[in-house]
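Only one structure is covered here, and it is reproduced in the block below.
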Amino acid sequence: LSEYDAIYFYKMYGYEELVTLINIFVQRNSKEIVILDSAVKDNMHWIDRKSWEYTVLSTKGIPIIPTTLCVGEKLSKHAKNFPCIIKQTNLSEGKGVWLCKTEEDRNELSKKLFTDVVLIQPFIRNIGDIRVIVIGNKIHGSMLRKNASDYRNNIALGGSGTVIAPPKDLEDMAKKAANILGYDIA
């Protein structure tokens, strides 16, 4: 984007999510680039939460897993390091999350998810993940999610949750992220 002075979206239909993400990025990070269509610039209701959250948090100093956003048909261009995780942006509870171990896996997913917007992340072996509940800028609970039989820790996919007291730095980061995103409940 740094090569452009202005952006005009000639065709948006079918690309609403990407148009919105570009708009968010430009509005938050570039005073030099002009969005020429105010209807596009001011109308950001098309986007799914997952893409928006990664885009915003990555530009505001919140450490996130390195993430690349693309359309499924472009996976061969962007997903080159294996193993990696491919996430459909419009699903939750571990659905639409794929462990991609080989180029063959990636090519099959590219066909399956051809028009879907996806996130690509490195696969990180772990013993679980921590969810922190923030309501009104206060911590109201947290849990460690684990799944011994799957790479996804989602409870909906057979994982389990254990109540924990998160470290202070994680509490602070969760509150900061909720504040940046404008969420009263996160």
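For this chain, numbers begin at 1 and follow the sequence in order.
Side-chain atoms of Ser76 and Ser110, non-hydrogen and from C-beta on, never get closer than 4.5 Å to each other. With a 4.5 Å cut-off on side-chain heavy atoms, Cys84 and Pro122 do not count as touching. Taking 4.5 Å as the limit, some side-chain heavy atom of Thr59 sits within range of a side-chain heavy atom of Phe25. Between Lys101 and Phe82, the closest side-chain pair of non-hydrogen atoms is not below 4.5 Å. Side-chain contact between Ile120 and Ile85: absent, with no pair of heavy atoms (C-beta onward) separated by less than 4.5 Å. Under the 4.5 Å side-chain criterion, counting only non-hydrogen atoms from C-beta, Gln121 is in contact with Tyr54. The side-chain heavy atoms of Ile7 and Ile22, taken from C-beta on, include a pair separated by under 4.5 Å.
To the nearest 0.5 angstrom, Phe123 atom CZ is 15.5 Å from Trp98 atom CH2. With rounding to the nearest 0.5 angstrom, the CG atom of Leu144 is 8.0 Å from the OG atom of Ser160. In this structure, CG on Asn90 lies 8.0 Å from NZ on Lys50, to the nearest 0.5 angstrom. Note that CG of Asn154 and OG of Ser92 are 8.5 Å apart. Values are rounded to the nearest 0.5 Å. Atom-to-atom distance recorded for Leu181:CG and Lys60:NZ is 10.5 Å, nearest 0.5 angstrom. Separating the NZ atom in Lys77 from the OG1 atom in Thr68 is a distance of 11.5 Å, to the nearest 0.5 Å.
Of the possible polar contacts, none joining the Arg145 side chain to the Gly159 backbone as a donor-acceptor pair under 3.5 Å is found. A distance-only check finds no donor-acceptor pair linking the side chain of Thr89 to the backbone of Val118 [under 3.5 Å]. A donor-acceptor pair under 3.5 Å links the side-chain atoms of Asn147 to the main chain of Leu157, judged by distance alone. Counting only distance, with no hydrogens or angles, the side chain of Thr55 and the backbone of Ser51 share a donor-acceptor pair below 3.5 Å.
Residue Arg106 comes nearest to Leu75 through the heavy atom pair CD-O, 3.4 Å, listed as atom of the first residue, atom of the second, then distance. Gly94 and Arg152 get closest at one heavy-atom pair: O-NH1, 3.1 Å. The minimum heavy-atom distance linking Thr67 with Ile65 is given by the pair OG1-O, 2.6 Å. Minimum heavy-atom separation, Asn126 to Gly128: OD1-N, 2.9 Å. Among all heavy-atom pairs drawn from Gly161 and Met143, the shortest one is CA-SD, 3.9 Å. Taking both residues in full, the closest heavy atoms of Ile62 and Ala177 are given as CD1-N, 4.1 Å, listed atom of the first, atom of the second, then distance.
The local environment of NZ in Lys175 is crowded, with over 12 non-hydrogen atoms from other residues, nucleotides or ligands closer than 6.0 Å. At most 12 heavy atoms of other shown residues, nucleotides or ligands fall within 6.0 angstrom of atom OH in Tyr4. Within 6.0 Å of the CD1 atom in Ile124, the count of heavy atoms belonging to other residues, nucleotides or ligands exceeds 12.
Ion pairing of Asp172 with Lys168 is present here, as a side-chain N (NZ or NE/NH1/NH2) and a carboxylate O approach within less than 4.0 Å. Look at Glu108 and Lys111 and you find a salt bridge, because one of the NZ, NE, NH1 or NH2 atoms lies within 4.0 Å of a carboxylate O, short of that distance.
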Exercise for review: Please assess Leu170 against Val132 for the test side-chain contact (heavy atoms from CB on, under 4.5 Å), listing each intermediate value before the final yes or no.
Suggested key: CA-CA 8 Å; Leu170 190 55; Val132 179; 4.1 Å; yes
Practice item. Just do the side chain to side chain donor-acceptor pair (under 3.5 Å) check on Gln88 and Asp116 with the steps written out, would you? Key: CA-CA 7 Å; Gln88 289 176 269; Asp116 292 352; 2.9 Å; yes
Practice item. Take Leu69 and Leu21 through the test side-chain contact (heavy atoms from CB on, under 4.5 Å) and record every step on the way to the result. Key: CA-CA 10 Å; Leu69 177 81; Leu21 288 171; 2.7 Å; yes
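Under a hydrophobic clustering in which Ile, Leu, Val, Met, Phe, Trp and Tyr are joined whenever their side-chain heavy atoms come within less than 4.5 Å, directly or via other members, Met173 and Ile130 fall into the same cluster. Under a hydrophobic-cluster definition in which Ile, Leu, Val, Met, Phe, Trp and Tyr are linked whenever side-chain heavy atoms come within less than 4.5 Å, directly or via other members, Leu119 and Tyr151 are assigned to different clusters. Under the 4.5 Å side-chain heavy-atom criterion for grouping Ile, Leu, Val, Met, Phe, Trp and Tyr, Val56 is connected to Ile64 within one hydrophobic cluster. Hydrophobic clustering of Ile, Leu, Val, Met, Phe, Trp and Tyr side chains at less than 4.5 Å, counting indirect connections, unites Ile180 with Ile139. Hydrophobic clustering (side-chain heavy atoms under 4.5 Å, transitive across Ile, Leu, Val, Met, Phe, Trp, Tyr) keeps Val71 apart from Ile86.
Tyr183 and Trp52 have tilted rings, their planes meeting at an angle from 30° to 60° on a 0 to 90° scale.
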